[in-house]
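Have a look at the structure below, then the notes.
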There are 2 protein chains.
Amino acid sequence: MTPTRTTKLERGRGALGPALELVHTGRAPTRAVLTAELGVTRATAGAVAAELEALGLITVDSRPAVAAGSQGRPSHRLSVDPGGPVVLAAQVHADGFRAALVGLGGRIVATVPGAVTVEADPAQVLTEVVGAGAGLLRETGRRCLGAGLAVPSAVAEPEGTALNPLHLAWPPGAPVREIFTRCLAEAGVTGPSGEAPATGFAANDVNLIALAEHRHGAGRGARDLLCVATGHRGVGGALVLDGRLHTGSSGLALEVGHLTVDPDGRPCHCGGRGCLDVETDPLAFLEAAGREPGPETGLLKRALELLRTEYATDPAVRDAAHLLIDRLGLGLAGLVNILDPDRIILGGLHRALLEADAERLRSVIAERSLWGRSGKVPVLACELDYSGLVGAAELAWQPVLDDPMTAARG
Amino acid sequence: MTPTRTTKLERGRGALGPALELVHTGRAPTRAVLTAELGVTRATAGAVAAELEALGLITVDSRPAVAAGSQGRPSHRLSVDPGGPVVLAAQVHADGFRAALVGLGGRIVATVPGAVTVEADPAQVLTEVVGAGAGLLRETGRRCLGAGLAVPSAVAEPEGTALNPLHLAWPPGAPVREIFTRCLAEAGVTGPSGEAPATGFAANDVNLIALAEHRHGAGRGARDLLCVATGHRGVGGALVLDGRLHTGSSGLALEVGHLTVDPDGRPCHCGGRGCLDVETDPLAFLEAAGREPGPETGLLKRALELLRTEYATDPAVRDAAHLLIDRLGLGLAGLVNILDPDRIILGGLHRALLEADAERLRSVIAERSLWGRSGKVPVLACELDYSGLVGAAELAWQPVLDDPMTAARG
DNA sequence: CCGCTTTGTTCGTGGTGGATACAAAGCCAG
DNA sequence: CTGGCTTTGTATCCACCACGAACAAAGCGG
């Protein structure tokens, strides 16, 4: 009889999730590092790595890469399996959408843009989106373990409804997660089990930018990461605490747009005056620079273009940028006082403002935050392409990271 | 030979901490409930309860209490051991201090107030404080497992320094935790091991109020608890996330005092105008009511007294209260938009304002927070006596809750 | 080629908690 | 009062996971 004893492959379940997360985020390039990061013995790390390899999630390469230079036996290299399973990720925005297949490590395997008519309702849009994603799955033949969606709206939890879908002809309160999940089922997209139809995840795009940057971009290693970004209109925020998105008790945390940054500023629909939302978004910049803002769509692109090309030459543009930097700094200082992050990353127009005059922004923050504390808070630019998309993928990967054994067994 | 097999008492280490926390917070009155809450089998829960009893932390009473009414075998009652070990807790404030011995469950076993001269430096004050606590320990003969201190100041982590000790003649940046620990060592106060000198914990008093209320008071069961409270001057905030204090990356989170709540308000030392800090504290109330504020110490008491006695009779007092309620509501709405708590509790003057006109406060919050969400956020009054003291004790109990086996073995 | 260092692997062990069967302690119906 | 019924506590066995120790492997340098 063959022995029925537990095989080595079945060992190491408990540390499986943390180990996969370390490889996924690039913090465990070798098995030796994995051993140290997990705080386990070499034996355990070996079993865990072998199991993840058997699940088809990572590859273990025993050949030394570049002769690390240190003495002793070279450690096996760990990396995400480039041919492993993927998740379906999608981002919807005012101008259309983009669907993608994303592997572990935030690698975009395949991606395709799409357009939708402005008047399309959520079901129409998401059918298109999921159709595009399913097309990519067919073309590539990859195994799919889940699906995530980024929307330009606050998403209420646990309902999964989009409360204020900006610039989309969606009814406020549309149950996007439910619709997304239904579209996935209709398209036959598989989920964590590998077979059952996928449960869709959906979240606000800025939240997902923060998540992606935390794991694969400018936020790596931060414990309390604050992300602030603009789209075409308005300002969004997100906070990652201890590696997890902080969405608050109903998913609506970090609505940072209505901090007062100019007591004499213009009125805001929220009832206040001089809110961050209306004082530091692309529209505010274009108006402050004395330009004709033009149509709603493309506001962000035009603002970025103006800042890039004429900041150095046109005093009106420079003054407008400085005005926005000052107001943004005030808002960020307020957030520093409340949240005390150890890193801030900026996206959209705010990122461009940071790059235009980082010193000015940092000094405003330092000046208006208590005890000069934030003088020490690094303020960085988002660095990932398609971070919303990658963040949506992170959402879908999460069940696999939490329990690789049951979520990824094939 | 006696068998060297593992005894039952040595089992169940992993679930020990969560189990103690459940009994400590009153969420596990019986062993059956403990089983359900822990999500383990009855066997495991039994082993865990037996171990905690053997450690002298809880008592297991097999006699049915009041005939629960339901059928089936009555479950053993679990409770904190009233004769068990204690921690030394102390709170320093403008008028003096209070030292206490606090058992599990937030029970104050013994307490004594103390006075200090206004000019006393931290070492003098804490020597007095620890002396008073050590006296209580001698009188009662209780075993001491740690010590915690509440101070009316932001406390920077990980340094443990008091940045802005209000109304105390302490130098900003005083290393209170270090001084506290030294005083404990000099007084021979024992710590978690039961023998080694205790490491002192110190934190901001509002943070500790939030922690205490979360575990034993109005915040029980909340997942994201926001606490806002006034002392004599200024406004403090605190946030408890998933049962843990959120102090931010450097301990300085929830400095909520400088949210703008009145664009036309008075200037604040922070550089802004109309900050929550200067618009809703006791001094602001007394001035708004047209009263002579008088000396710094006792401001809170006089404000509370005025509100209690003349709110119903003096229109000036009522108008002042309404003004402060409106401003407080604006500030709380801002915090709701950023933090999305599922409960808010108010202390000090803010608590009294809530009790004066809860409806007005709730409607202001609902009006100025996005999507009417906060209309559903309960706003409650702090309900514990000496919550700062109890919170300081929670800080000291934490190592025991995290690992009862090593922290409490006698 | 032989030490030296570091890494991977095999094998045994221990502690943790699950499953099961059984005993105990209450209520209720007869 | 006695025999179901229900729920809780307990004893025993066992699966699992990670640790420790010993050994093998793979590089470097003399």
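Since the structure is predicted, the reported quantities are computational estimates derived from the model, not experimental observations. Letters A, B, ... mirror the listed sequences (proteins, then strands); counts begin at 1.
Near-neighbour residues of DNA chain C inside residues 24-42 of chain A, defined by a heavy atom below 4.0 Å, number-ordered: Arg31(A), Ala32(A), Arg42(A).
Note: CZ (Arg77(B)) to C1' (dG26(C)) measures 15 Å, nearest angstrom. Put simply, CG on Asp403(B) is 15 Å from C1' on dG15(C), counting in whole angstrom units. Nucleotide dG3(C) holds its C1' atom 12 Å from the CD atom of Gln71(A), rounded to whole Å. Here dA23(C) presents its C1' atom at 12 Å from NE2 of His76(B), a figure rounded to the nearest Å. The nearest whole Å value for the distance from the CG atom in Leu16(B) to the P atom in dG17(C) is 9 Å. Regarding Asp61(B), its CG atom lies at a distance of 12 Å from the P atom of dG26(C), rounded to whole Å.
Partners of Arg223(A) by salt bridge (charged side-chain N to carboxylate O under 4.0 Å, His left out), not counting sequence neighbours, listed by chain and number: Asp242(A). Annotation: salt bridge (charged side-chain N to carboxylate O under 4.0 Å, His left out) contacts of Glu157(A) (sequence neighbours excluded): Arg177(A). Applying the ring pair (Phe, Tyr, Trp, His ring centres under 6.0 Å) test to His246(B) and every residue at least two apart in sequence or in another chain returns nothing. In this structure Ser79(A) satisfies the side-chain contact (heavy atoms from CB on, under 4.5 Å) test together with Thr59(A), sequence neighbours excluded.
Sorted by first and then second residue, the salt bridge (Lys or Arg N to Asp or Glu O under 4.0 Å) pairs with a member in residues 79-89 of chain B form an empty list; sequence neighbours excluded.
Between the Ser249(B) side chain and the Pro341(A) main chain, a donor and an acceptor come within less than 3.5 Å of each other.
Remark: the Arg73(A) side chain and the dT6(C) base include no donor-acceptor N/O pair separated by less than 3.5 Å.
In this structure, Ser62(A) does not reach the dG8(C) phosphate: none of its side-chain N or O atoms is under 4.0 Å from OP1 or OP2.
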